[in-house]
Amino acid sequence: MGRPVIVLSNNDGCAIARSNEAKELGVKMGQPWFQIQHLQEEAGLVALSANFPLYGDMSDRMMSIAAGLGPGQEIYSIDEAFSDLSGVQGDLTRRAQAVRARVLQWIGIPCCVGIGPTKTLAKLGNHVAKSAERKPGSYPAEFAQVCNLAALPESDLDALLKATPVGEVWGIGRRIEQQLQAEGVSSAYDFVQLRPSTVRKRWSVVLEKTLRELQGEACISLEESAAPRKQIACTRSFGRPVTELDDLIEAVSEFAGRAAEKLRHDGSHAGQVLVFIRTSPFRQAPQYSRTSVTPLIRPTADTMHITLAAIQGLKSIFAPGYQIAKAGVMLLDLQPQSVSQGELDFGEESAIPDDRSQLMMTIDKLNQRYGKGIVHAAASGTQGERRVWTMRQLLKTPEYTTMWSDIPIARA
DNA sequence: TCTGGGGTCCTAGGACCC
DNA sequence: TCTGGGGTCCTAGGACCC
């Protein structure tokens with residue numbers, strides 16, 4: 001409180017969250033750490049490495065309190081949820097203020113509530129509530145913390161729309177904001193005056209929905225149960241450039257294992273494995289960016305099958321002589337385990353044996369209990385076919401022990 | 001001289017969101 | 001020297017198939 005604080009991305013690469021005081025120092029969203037490091041000494045800037053498990057835990061607690069707003073809840077992101085207030089009796093503004101106070105008291109997190117007849121208007125209300133609280137003068141102070149657009153006379157709503165730059169509207173990003181500006185549309189109010197058919201013709205059906213929502217016509221429904229994910233990714237930037245295939249194989253194997261773990265957590269099977277490698281777009285060196293998709297013989301959640309497919313894909317796109325800055329594995333063509341194991345019979349020999357599934361479960365439990373990556377698949381380019389399980393002694397030490405052995409994998 | 005229509009798959013990239 | 005990660009949806013061209 002009262003101090004400039006930022007949270008840094010992976011590798012402590014750049015600022016991904018800033019306190020108001022840090023914003024006042026001029027720290028930009030996504031700004032590289034090396035450009036602002038000097039502010040540590042000069043202005044007392046506090047920089048912290050991100051701790052996503054902690055944020056997930058805080059989020060869970062906040063969401064359960066926020067669920068008291070109304071009967072239906074859609075958890076939209078780690079720090080946002082939509083609530084369905086239809087049928088809720090009494091003064092909605094006061095109800096929201098009470099929930100907000102409870103979150104602050106129980107969790108210590110300040111939050112804001114926006115209320116409106118559509119999701120896009122509720123998001124706008126939230127933007128008004130947050131800005132009125134944190135940037136005095138941006139909107140009338142009476143809207144701070146909780147802003148109920150549904151309870152507003154039309155003239156007041158128009159005034160708020162006029163005070164809102166069109167780029168602040170949910171669904172309008174940088175590019176479309178520029179295009180709208182070029183057509184003389186600069187505020188949310190200007191945008192609301194457009195005709196849906198015009199927006200559809202000039203831009204897209206997606207932006208047309210945003211417009212209709214802003215005009216009060218609900219086009220985006222509340223999704224109470226999360227739809228199953230369509231892809232799972234594990235990607236990382238490297239601390240220093242990587243040039244050797246063996247090093248990439250090791251990294252990609254790790255990503256594949258991590259992605260497979262998420263896949264098993266979701267109870268899904270993957271049909272395809274995507275691998276990519278690329279150089280840094282910020283450097284003045286030869287650029288290289290390749291992607292490959294490897295189909296799996298049979299949809300699976302087995303780390304070994306997924307890792308082997310990832311390595312095969314990697315080998316097909318690798319080219320020597322480039323400073324690779326980032327790589328990643330994505331699992332595609334996801335389907336519920338029940339579907340790929342269900343009525344479709346692929347034959348006994350191609351199914352994952354039970355001991356393999358148990359091995360995967362055991363590995364997941366070990367990693368959950370002792371820390372991510374404690375147990376993972378080893379894959380060595382030079383060792384070729386010999387792939388066994390290894391144990392990393394401690395996640396935070398760069399060295400880890402590899403136990404090469406010829407013990408059958410299930411027994412190991 | 002005149003040179004179709006309808007698919008899929010793969011790769012790449014652009015736009016948006018958090 | 002050092003520049004994040006994880007998602008969704010949409011579009012488009014080339015290769016290939018019938």
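Letters go in sequence order (proteins before strands), and every chain restarts at 1.
- Nucleic acid contact class of A/Asp79 (heavy atoms, under 4.0 Å, all strands): sugar-phosphate only.
- Distance CD1 (A/Ile78) to P (C/dG4): 19 Å, rounded to an integer number of Å.
- Put simply, A/Gln272 has a side-chain N or O that comes within less than 4.0 Å of OP1 or OP2 on B/dC10.
- The residue A/Ile176 sits close only to the backbone: its heavy atoms come under 4.0 Å of sugar-phosphate atoms, none of a base.
- Straight-line distance from the NZ atom of A/Lys209 to the P atom of B/dC17: 15 Å, rounded to whole Å.
- Rounded to an integer number of Å, the gap from A/Lys262 NZ to C/dG5 C1' is 8 Å.
- Within the 4.5 Å cutoff, the side chain of A/Thr118 has no heavy atoms near those of the A/Glu217 side chain.
- Heavy-atom distances to DNA chain C give each of A/Lys326 and A/Gln37 a nearest nucleotide, and the one nearer the 5′ end belongs to A/Gln37.
- A straight line from CD1 of A/Ile16 to C1' of C/dG5 spans 8 Å, rounded to a whole angstrom.
- Rounded to an integer number of Å, the gap from A/Arg174 CZ to B/dA15 P is 10 Å.
- The side chain of A/Cys14 lies closest to C/dT3 when the candidates are B/dT11, B/dC17, C/dT3.
- Although no hydrogens or angles enter the test, the distance criterion places a donor-acceptor pair under 3.5 Å between the side chain of A/Ser138 and the main chain of A/Ser131.
- Of the candidate nucleotides C/dG6, B/dC17, C/dC2, C/dG6 has the atom lying nearest to any side-chain atom of A/Cys234.
- The local environment of CD in A/Glu244 is sparse, with at most 12 non-hydrogen atoms from other residues, nucleotides or ligands closer than 6.0 Å.
- A/Trp33 comes within 4.0 angstrom of nothing in the nucleic acid, heavy atoms only.
- Side chain of A/Gln231, nearest nucleotide from C/dG5, C/dG7, C/dC2: C/dG7.
- No donor-acceptor pair under 3.5 Å is formed between the side chain of A/Asp12 and the backbone N or O of A/Trp33.
- Counting heavy atoms from C-beta outward, A/Gln272 and A/Leu331 have side chains that stay 4.5 Å or more apart.
- A 4.5 Å side-chain heavy-atom check between A/Tyr55 and A/Asp79 finds every atom pair outside the cut-off.
- Electrostatic pairing of A/Lys162 and A/Asp158 does not count as a salt bridge here, judged by no charged N lying under 4.0 Å from a carboxylate O.
- Counting non-hydrogen atoms of other residues, nucleotides and ligands closer than 6.0 Å to CD of A/Glu142 gives a total above 12.
- Look at A/Arg229 and you'll find a side-chain N or O under 4.0 angstrom from OP1 or OP2 of C/dG7.
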For DNA chain C, please output the secondary structure as dot-bracket, reading 5' to 3'. Pairs are Watson-Crick or G-U wobble, both atom distances under 3.5 Å; mark crossing pairs with [ ], other-strand partners with |, unpaired with a dot. ....||||||||||||||
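- The residue A/Glu80 sits close only to the backbone: its heavy atoms come under 4.0 Å of sugar-phosphate atoms, none of a base.
- Distance, A/Gln323 CD to C/dC2 P: 8 Å, rounded to whole Å.
- Heavy atoms of A/Pro241 sit under 4.0 angstrom from primed sugar atoms or phosphate atoms, though from no base atom.
- Taking 4.0 angstrom as the limit, A/Thr235 places none of its side-chain polar atoms (N or O) nearer than this to OP1 or OP2 of C/dG4.
- Note on A/Phe52: nothing from the nucleic acid sits closer than 4.0 angstrom, heavy atoms only.
- One finds no side-chain N or O of A/Lys230 lying less than 4.0 angstrom from the OP1 or OP2 phosphate oxygen of C/dC10.
- Here the nucleotide nearest the side chain of A/Arg283, chosen from C/dT8, C/dG5, C/dT1, is C/dT1.
- The interatomic distance linking A/Gln40 (CD) with C/dC2 (C1') rounds to 14 Å, in whole Å.
- Annotation: cation-pi geometry satisfied between A/Lys119 and A/Phe82 (NZ/CZ under 6.0 angstrom from ring centroid, within 45° of ring axis).
- Between B/dC17 and A/Lys123, no contact under 4.0 Å exists linking OP1 or OP2 to a side-chain N or O.
- Here A/Ser9 does not reach the OP1 or OP2 of C/dG5: none of its side-chain N or O atoms lies under 4.0 Å away.
- Regarding contacts with the backbone of B/dA12, a side-chain N or O of A/Thr291 is found under 4.0 angstrom from either OP1 or OP2.
- Nucleotide C/dT8 holds its C1' atom 13 Å from the CG atom of A/Leu332, rounded to whole Å.
- For the OP1/OP2 pair of C/dG6 and a distance below 4.0 Å, the side-chain nitrogens and oxygens of A/Arg236 include at least one atom meeting the criterion.
- Dashed line: the shortest gap from a side-chain N or O of A/Asn10 to OP1 or OP2 of C/dG5 is under 4.0 Å.
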